[in-house]
Protein chains: 2
Amino acid sequence: MTPPDLSQAEPRMPLTRERILHAGLELVDLHGLEALSMRRVGQALGVEAMSLYKYVKDKSDLIDGLIDLVIAEIDIPHDANDWKDAMRQRAISAHQVLLRHRWACPLMGSRVNIGPAMLGYIDDTFAWLRQGGFTVEQTLDAWHALDGHIFGFTLQQLNLPFAPEDAAQMAVAGIALIPADRYPYFHAVVSTIAQMGGRVERFEFGLDLLLKGLERLLTTSGSSHD
Amino acid sequence: MTPPDLSQAEPRMPLTRERILHAGLELVDLHGLEALSMRRVGQALGVEAMSLYKYVKDKSDLIDGLIDLVIAEIDIPHDANDWKDAMRQRAISAHQVLLRHRWACPLMGSRVNIGPAMLGYIDDTFAWLRQGGFTVEQTLDAWHALDGHIFGFTLQQLNLPFAPEDAAQMAVAGIALIPADRYPYFHAVVSTIAQMGGRVERFEFGLDLLLKGLERLLTTSGSSHD
DNA sequence: TTGACAAGCTTACAGTGTAAGTCTAGGCTT
DNA sequence: AAGCCTAGACTTACACTGTAAGCTTGTCAA
């Protein structure tokens, strides 16, 4: 008797860490982080949950792997003119990647265990900043501020109901939650936005504020090289 | 027979949403978010898990409550001179609060369901910015950038092993993970920091970059009032 | 043919959130 | 005072989680 397609997705290949990670990524992208369970990942591969543990130490190890997959999607620009250009491209790419993988944002900055993609990402950042003339301290400050903006801004953006597609229900349900007498400014601002038919969040607003500030820092304090 | 102290903490009072939230907050502050379970919160109050559901819709509702408790700790300055001063004070207070409640940061921006403290926090922010002369759009941009920095920066800070107390082990274990040939800049930067005995992250670096940028935005584009 | 070994499977356990139903003590009406 | 109601806490149960421990089976080398 021929077993007629164990599950559905992949027919039957040798299990690999890579295959596990890709199955996990698809699951998480489609159904969110809370849907990620060892049993479900196994199911997607036509395999029992415990079989995964040959290739993955932990669930936490799996998640670390997923995060590194996401980071690897961030474009590291080698054609940039200067550090500012490079940091800008990198930030925008990271932002887009994080919007694609909505689940990743809260985990991103909050993981100590960094994979090879993350290492490369950071090294490239440091390279641009150091060669741009920033001291070691300034480099860390700049990196931290920029990445903070990337993660923090995107984290908010993913959960604020200000997007144009939410405008209609924001105008009704959202505003009802904000009594005008108690929270006049909040009420007014949200009303205005709802009238305007929602609003696309502008990631580059804060990004350019930071980049311009960094540029100014570099020109005023001329001392570079450590 | 006198029942000798059901659990330990509170002797026996009528259960309240407030008591539940405070027990939950203590649990989470002490043992982290993953230690938060309905059964354990109940235990801390000398009560069965299911009894909590009279005062709390969900575990998610409980967490929303905890977050609002945290937000309520943020000082909203009414003695500030101008919007810049107010935003600065507010950001620094928020940063300190988030460092006190390490578990809160990843959840903070990523919750749609906002409580009364959050509403007040946002309203106050909008009030300062609008009265400072920012348009509605600019107000949202500014708020988003500032809060993005607060959450994003703190999120990273909480998990980077660059703190002075980690300096020793960073110098050994950390650097070993960063091969100098593959990641030269990363390696160099971390070595330098380790030699310097660690480093206190400077939240106000990025904050002041943003504030100065916002100030400049305000003076160059003179048109205010919508 | 035999043995070893690795890849995947099975079972089991302690823990989770929570739906559904049950008890019980206090206060109300009569 | 008697009876009932009900709010607040408890009990049971279910489907699900991560993962420790051990088992089966297919493949290849000696």
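Note on naming: letters A, B, ... go to the chains in the order of the sequence lines (proteins, then strands), and numbering restarts at 1 for each one. What you see is a predicted model, and the numbers here were worked out from it, not measured in a lab.
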B:Arg100: side chain to side chain donor-acceptor pair (under 3.5 Å) partners, not counting sequence neighbours = B:Glu73
B:His22 meets the side chain to side chain donor-acceptor pair (under 3.5 Å) criterion, sequence neighbours left out, with none
For B:Phe205, which residues count as a ring-ring contact (aromatic ring centres under 6.0 Å, His included) partner, sequence neighbours excluded?
-> none
How close or far is atom [atom2] of [N] from atom [atom1] of [X], stated in whole angstroms?
| X | N | atom1 | atom2 | answer |
| --- | --- | --- | --- | --- |
| A:Leu52 | C:dT10 | CG | P | 14 Å |
| B:Lys54 | C:dT18 | NZ | P | 16 Å |
| B:Glu48 | C:dT18 | CD | C1' | 14 Å |
| A:Arg19 | C:dG8 | CZ | C1' | 13 Å |

Check: A:Arg19/A:Tyr55 side-chain N/O donor and acceptor closer than 3.5 Å = no
What pairs meet the side-chain hydrogen bond (donor to acceptor under 3.5 Å, both in side chains) rule with one or both residues in residues 160-173 of chain A, with sequence neighbours excluded?
-> none
What is the per-nucleotide protein-contact pattern of nucleotides 16-28 of chain D, from the 5' end, where B denotes a base atom under 4.0 Å from a protein heavy atom, S denotes such proximity for sugar-phosphate atoms only, and - denotes neither?
-> -BBBBB-------
Sequence neighbours excluded, the answer for salt bridge (charged side-chain N to carboxylate O under 4.0 Å, His left out) partners of A:Asp64 is A:Arg111
